[in-house]
Amino acid sequence: LEQGGLRLAPAARRVWLRDNEIAFTAREFAVLECLVHHPGVVLSKKDILDHVWDFDFDGDQNIVEAYIRRLRRKLDSPVIETVRGAGYRLVAAGE
C-alpha cells in the first residue's frame, strides 16, 4: 500500500516514510493501515474503532486520539489531518 511518501507492507507489518523505515506496534500499524486504505476520506473515531478494536470494545473512544498522537509523533510528518467534529484523514505528504 502506498500513499504519497508513505509505504506499508501489510504482510510484513513494515512501514516506510520516504526511504526511512519506522517501527510500529501491532495496534498502531492497524490504525495507520485503516487510514491508508481510505486516503483522503474522513474516518470517525467509531470507524477506526470498528476496524481496529473488537466489536465489543466498551472503552473510551478517545483511545483513538492517543493512537493518532503516537502515529504523528513517529511519522514526524503531517500526513494525518484532524477534521474537527468529524474525525481523521490521511493526506499525501506535501499536500
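Just so it is clear, the values below take in all heavy atoms, side chains as well, and ignore hydrogens, waters and symmetry mates. Predicted model, so just to flag it, every value in this text is computed and none were measured.
- Summarising the geometry of Phe29 relative to Arg13, their closest heavy-atom pair is CD2-NH1, 2.8 Å, with the distance given to 0.1 Å.
- Linking ILVMFWY residues whenever their side-chain heavy atoms come closer than 4.5 Å, directly or via other members, leaves Val42 and Ile48 in distinct clusters.
- Nearest heavy atom pair, residue Arg7 against residue Arg18, reads NH2-O, 4.1 Å.
- Between Cys34 and His51 the shortest heavy-atom distance is CB-CD2, 3.3 Å.
- By the 4.5 Å heavy-atom criterion applied to side chains, Val15 and Glu21 are not counted as neighbours.
- Judged by distance alone, the side chain of Lys45 and the main-chain N or O of Gly87 form no donor-acceptor pair under 3.5 Å.
- Applying the 6.0 Å contact sphere to CG of Asp19 captures no more than 12 heavy atoms from other residues, nucleotides or ligands.
- Two residues are said to be in side-chain contact when any heavy atoms from C-beta on lie closer than 4.5 Å; Val91 and Arg89 meet this criterion.
- In this structure, the side-chain contact (heavy atoms from CB on, under 4.5 Å) partners of Arg72, at least two apart in sequence or on a different chain, are Ile68, Ile80, Thr82, Tyr88.
- Residues Phe24 and Arg70 form no side-chain contact, since every pair of their non-hydrogen atoms from C-beta on lies 4.5 Å or further apart.
- The hydrophobic clustering, which links ILVMFWY residues whose side-chain heavy atoms are closer than 4.5 Å, places Val79 and Val83 apart.
- Put simply, the side chain of Leu32 reaches to within 4.5 Å of the side chain of Leu6, judged on heavy atoms.
- Here the side chain of Glu28 pairs a donor or acceptor atom with the backbone of Thr25 at under 3.5 angstrom.
- Looking only at side-chain heavy atoms (C-beta outward), Ser44 and Asp47 come within less than 4.5 Å of each other.
- Closest approach of Glu33 and Pro10 over heavy atoms only: OE2-CB, 3.4 Å.
- Under a hydrophobic clustering in which Ile, Leu, Val, Met, Phe, Trp and Tyr are joined whenever their side-chain heavy atoms come within less than 4.5 Å, directly or via other members, Trp16 and Leu90 fall into different clusters.
- When side chains are defined from C-beta on, Trp53 counts as touching Val64, because their heavy atoms get closer than 4.5 Å.
- Between Leu43 atom CG and His37 atom NE2 the span is 11.5 Å, to the nearest 0.5 Å.
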